[in-house]
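Below, each value reflects all heavy atoms present in this structure, side chains not excepted, and no hydrogens, waters or symmetry copies.
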Amino acid sequence: QDIGLITLPNTQTQRQIKLSTTTQATPNSPHITRDVIININEQSSPVSKPDSSITFILDFSGSMTQFNRRTQLINAVNQFIDADYDIKWGVVLFSTATLPPSIPINQGPPHNARVRQRLNSQPANGSTNFSDALNTAKQQLLASQQPDKHFFVFITDGDPNAGVEPISWTSHNIFNIDPRNCTRHNPQFHCITIYSLGINITQGNVER
C-alpha cells in the first residue's frame, strides 16, 4: 500500500510503502497480520535521460522473399515505430552491398514516415554482405551527433556470401572499442553494442 510522501528535516522526500502479510499457523488458529513500513527516497531533482541511439541493419537479400520474411521484417519495424519510444534511431538496408539511401539517425513523425516509405519500396534480391552494411552503419553513426551509447540491431536470414568476413570486421571495428566508453561519457569516443538476430540460419553461421 502506498501511504504517501513525507519530508524529513534534511528536506529529503521519502515515499512510505506498507507491506502486509497474513499467516495462519493451523486451520483453527487465528490469522496474524504483520505490517512493515518501508521508506524509499524520492528523486526530487530532474533526471537526465541517457543519450542513446539505435541503428537497425536489415537484410533485404533475395532469400528474404521466402516464407514471407520481408513482410514480417517490415511489420516488426513498424511495431517499433508505433511504440513511439523516446530514442533516436536510423536504418541501413543491405543485400549484395548497402542499399542506398540509408535513413540517418533521427526521430519524430517525419522520420518515421520516411522509414516506412523506404522499407515498403525496397524489394528483396541479391547476395548477403554483412561487413558493408556494418561499415555503413558505423560511418552513419560517426557522421551524426554521437550519443553516449549506441546499439546496432542486425537482422539477417542467411550466411554472408559477399564482402569481408564479418568476424574480422567486427573484431577490428567493435571489439577494439574500450569498454569503459560504455560506462562513462567521453565525447571523443563512442560505444557500440551489437544485437544480432539470425532468422533460420545454418548452424555453421551461428558464430558469425
Side-chain angles (χ1 to χ4, degrees), residues 50-83 85 87-107 115 118-119 122-144 146-183 189-208:
D51 184 16
S52 303
S53 61
I54 302 171
T55 296
F56 291 96
I57 307 173
L58 308 177
D59 186 350
F60 272 76
S61 61
S63 57
M64 289 295 290
T65 60
Q66 302 174 12
F67 306 109
N68 206 33
R69 291 171 184 156
R70 175 184 174 277
T71 298
Q72 292 182 69
L73 179 61
I74 293 174
N75 289 343
V77 177
N78 283 331
Q79 288 180 34
F80 173 84
I81 294 173
D82 293 339
Y85 297 109
I87 190 169
K88 292 182 179 180
W89 59 288
V91 174
V92 171
L93 281 57
F94 73 95
S95 60
T96 307
T98 301
L99 299 168
S102 299
I103 307 297
I105 297 167
N106 208 330
Q107 65 184 140
V115 172
R118 177 70 187 90
L119 295 180
Q122 179 60 53
N125 52 49
S127 307
T128 308
N129 189 331
F130 286 10
S131 54
D132 195 65
L134 288 163
N135 193 59
T136 298
K138 184 176 181 183
Q139 294 306 314
Q140 184 166 283
L141 171 62
L142 296 176
S144 69
Q146 294 185 39
D148 300 343
K149 296 180 178 63
H150 188 78
F151 303 91
F152 287 171
V153 179
F154 188 95
I155 304 177
T156 182
D157 75 327
D159 298 343
N161 50 19
V164 178
E165 166 58 53
I167 295 177
S168 174
W169 187 96
T170 305
S171 297
H172 287 89
N173 290 273
I174 304 296
F175 292 158
N176 66 348
I177 296 173
D178 189 337
R180 289 175 295 179
N181 294 336
C182 301
T183 58
F189 300 98
H190 55 275
C191 165
I192 301 174
T193 301
I194 298 181
Y195 292 98
S196 58
L197 175 60
I199 307 171
N200 202 27
I201 60 175
T202 64
Q203 186 64 33
N205 196 38
V206 171
E207 182 181 1
R208 292 188 180 92

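- The closest side-chain heavy-atom distance from Phe60 to Ile74 is below 4.5 Å.
- At a threshold of 4.5 Å between non-hydrogen side-chain atoms, the residues Val92 and Leu58 do not count as touching.
- Heavy-atom minimum distance, Thr65 versus Gly62: OG1-O, 2.7 Å.
- To the nearest 0.5 angstrom, Gln139 atom CD is 5.5 Å from Leu142 atom CG.
- Residues Asp59 and Ile155 are not in side-chain contact: their nearest non-hydrogen atoms beyond the backbone lie 4.5 Å or more apart.
- At least one side-chain heavy atom of Ile54 sits less than 4.5 Å from a side-chain heavy atom of Ile87.
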Between Trp89 and Ile81, is the side chain to side chain contact (heavy atoms under 4.5 Å, CB included) condition met? List the steps.
CA-CA 10 Å; Trp89 59 288; Ile81 294 173; 3.6 Å; yes
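- Between Asp157 and Arg69, the closest heavy-atom pair is OD2-NH1, 2.7 Å.
- Annotation: side chain of Ser52 is in contact with side chain of Phe151 (closest heavy-atom distance under 4.5 Å).
- The line from OG1 of Thr96 to CG of Asp132 is 10.0 Å long, rounded to the nearest 0.5 Å.
- Residues Ser102 and Thr136 approach most closely at OG-CG2, 3.8 Å, considering heavy atoms.
- Two rings, from Phe56 and Phe80, have their centers less than 6.0 Å apart.
- Considering only heavy atoms from C-beta on, Arg118 stays 4.5 Å or farther from Val91 through its side chain.
- Asn129 and Ser127 share no donor-acceptor pair across their side chains, judged by distance under 3.5 Å alone.
- For the residue pair His150 / Thr55, a side-chain donor-acceptor distance below 3.5 Å is found, with atom types taken as modelled.
- Leu141 contributes atom CG, which lies 5.0 Å from atom CD1 of Ile192 (distance to the nearest 0.5 angstrom).
- Between Phe154 and Leu134 there is a side-chain heavy-atom pair separated by less than 4.5 Å.
- Separating the CD1 atom in Ile199 from the CD atom in Gln66 is a distance of 12.0 Å, to the nearest 0.5 Å.
- Contact between Met64 and Ala124 at its shortest, heavy atoms only, is CB-CB, 4.0 Å.
- Between atom OH of residue Tyr85 and atom CD of residue Gln107 there is a gap of 14.0 Å, rounded to the nearest 0.5 Å.
- Contact annotation: the side chain of Gln122 approaches that of Leu93 to within less than 4.5 Å [non-hydrogen atoms, C-beta and beyond].
- Residues Ser61 and Ser95 bring no donor and acceptor atom of their side chains to less than 3.5 Å of each other.
- In this structure, CD1 in Ile57 is found 9.5 Å from CD in Gln140, a value given to the nearest 0.5 Å.
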